[in-house]
Amino acid sequence: MKILILNGPNLNLLGVREPGIYGSSSFEQYMPELKKRFADVEMEYYQSNIEGEMINKMQEVGFSYDGIVLNAGAYTHTSVALHDCIRSLKCPVIEVHISNVHTREEFRHHSMISAACKGVICGFGLDSYRLAVSALTGR
């Protein structure tokens, strides 16, 4: 099984950016734990602050991988282009958020991509990624 974990804008600053909301660990520190837990799953990690690069990456793997775990960051709330891309893919996409976006600013309460995704997981910190991979793998 092959899964892409794709993080969007500002998520390269995990561990530094607003640790009260996003925690004190970088995604690079968390990834080995995730890979160990799902040792039989090939996981690729990609992060970009650029919407077009995210779309290119999803189109690159979306017809051959078994799933995508997507934290689109702020693009969640603005991107029709990501929505359209997700709809065009063969593999399922699970939207994740580290924080519970529904307890935050009003503009974060609406997702432009949720309707195109298989499911949405939010509010469990970095463990949101584990929950998404569990959903994709069926365990």
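All values derive from a computational prediction rather than experimental measurement. What's counted below: heavy atoms across the whole structure, side chains too, no hydrogens, waters or symmetry copies.
- A distance of 12.5 Å separates CG of Leu11 from CD1 of Ile5, quoted to the nearest 0.5 Å.
- Using a 4.5 Å cut-off on side-chain heavy atoms (C-beta onward), Val61 and Leu6 make no contact.
- Between the side chain of Ser128 and the backbone N or O of Gly125, at least one donor-acceptor pair lies under 3.5 Å.
- Classified by interplanar angle (parallel below 30°, tilted 30° to 60°, perpendicular above 60°), the ring pair His97/His77 is parallel.
- Applying the salt bridge (Lys or Arg N to Asp or Glu O under 4.0 Å) definition to pairs two or more places apart or across chains, those involving residues 54-76 are Glu44-Lys57, Lys57-Glu60.
- In terms of hydrophobic clustering, with Ile, Leu, Val, Met, Phe, Trp and Tyr side chains grouped at heavy-atom distances under 4.5 Å, Phe124 and Val133 are assigned to a common cluster.
- Ion pairing between a basic and an acidic side chain is recognised when a charged N comes within 4.0 Å of a carboxylate O; Lys35 and Asp40 show no such pairing.
- Here Tyr45 pairs with Phe27 under the ring-ring contact (aromatic ring centres under 6.0 Å, His included) rule; sequence neighbours left out.
- Partners of Ser48 according to the side chain to side chain contact (heavy atoms under 4.5 Å, CB included) rule, which considers only residues two or more places apart in sequence or in another chain, are Tyr46, Ile50, Glu53, Met54.
- Contact detail for Ala72 and Pro9: the closest heavy-atom pair is O-CD, 3.4 Å.
- You'll find the side chain of Val96 stays beyond 4.5 Å of the side chain of Leu131, heavy atoms only.
- Contact of the Leu126 side chain with the Leu14 side chain is registered, since non-hydrogen atoms from C-beta on lie closer than 4.5 Å.
- The side chain to side chain contact (heavy atoms under 4.5 Å, CB included) search around Ser134 returns Phe38, Arg130, not counting sequence neighbours.
- Two residues are said to be in side-chain contact when any heavy atoms from C-beta on lie closer than 4.5 Å; Met43 and Met31 meet this criterion.
- Sorted pairs that involve residues 113-126 and meet salt bridge (Lys or Arg N to Asp or Glu O under 4.0 Å), not counting sequence neighbours, are lacking altogether.
- Cluster membership check: Tyr65 does not share its hydrophobic cluster with Leu34, using side-chain heavy-atom separations under 4.5 Å among Ile, Leu, Val, Met, Phe, Trp and Tyr.
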Legend entry - Verdict with supporting geometry, Glu95 and Thr76, side-chain hydrogen bond (donor to acceptor under 3.5 Å, both in side chains): CA-CA 9 Å; Glu95 175 185 347; Thr76 299; 4.5 Å; no

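- One N or O on the side chain of Gln29 and one on the backbone of Ser26 form a donor-acceptor pair closer than 3.5 Å.
- Rounded to the nearest 0.5 Å, atoms CD1 (Ile98) and CG (Asn71) are 5.5 Å apart.
- For Tyr75 and Asn49, the side-chain atoms include no donor-acceptor pair closer than 3.5 Å.
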Got a list of side-chain donor-acceptor pairs under 3.5 Å for residues 81-94, not counting sequence neighbours?
{"from": "His83", "atom 1": "ND1", "to": "Met112", "atom 2": "O", "distance (Å)": "3.0"}
{"from": "His83", "atom 1": "NE2", "to": "Arg87", "atom 2": "NE", "distance (Å)": "3.2"}
{"from": "Arg87", "atom 1": "NH2", "to": "Ala115", "atom 2": "O", "distance (Å)": "3.3"}
{"from": "Ser88", "atom 1": "OG", "to": "Cys85", "atom 2": "O", "distance (Å)": "2.7"}

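- For the atom pair CG (Asn100) and CD1 (Ile121), the distance works out to 13.0 Å, reported to the nearest 0.5 Å.
- Looking only at side-chain heavy atoms (C-beta outward), Ile68 and Met58 come within less than 4.5 Å of each other.
- Annotation: side chain of Val69 is in contact with side chain of Leu136 (closest heavy-atom distance under 4.5 Å).
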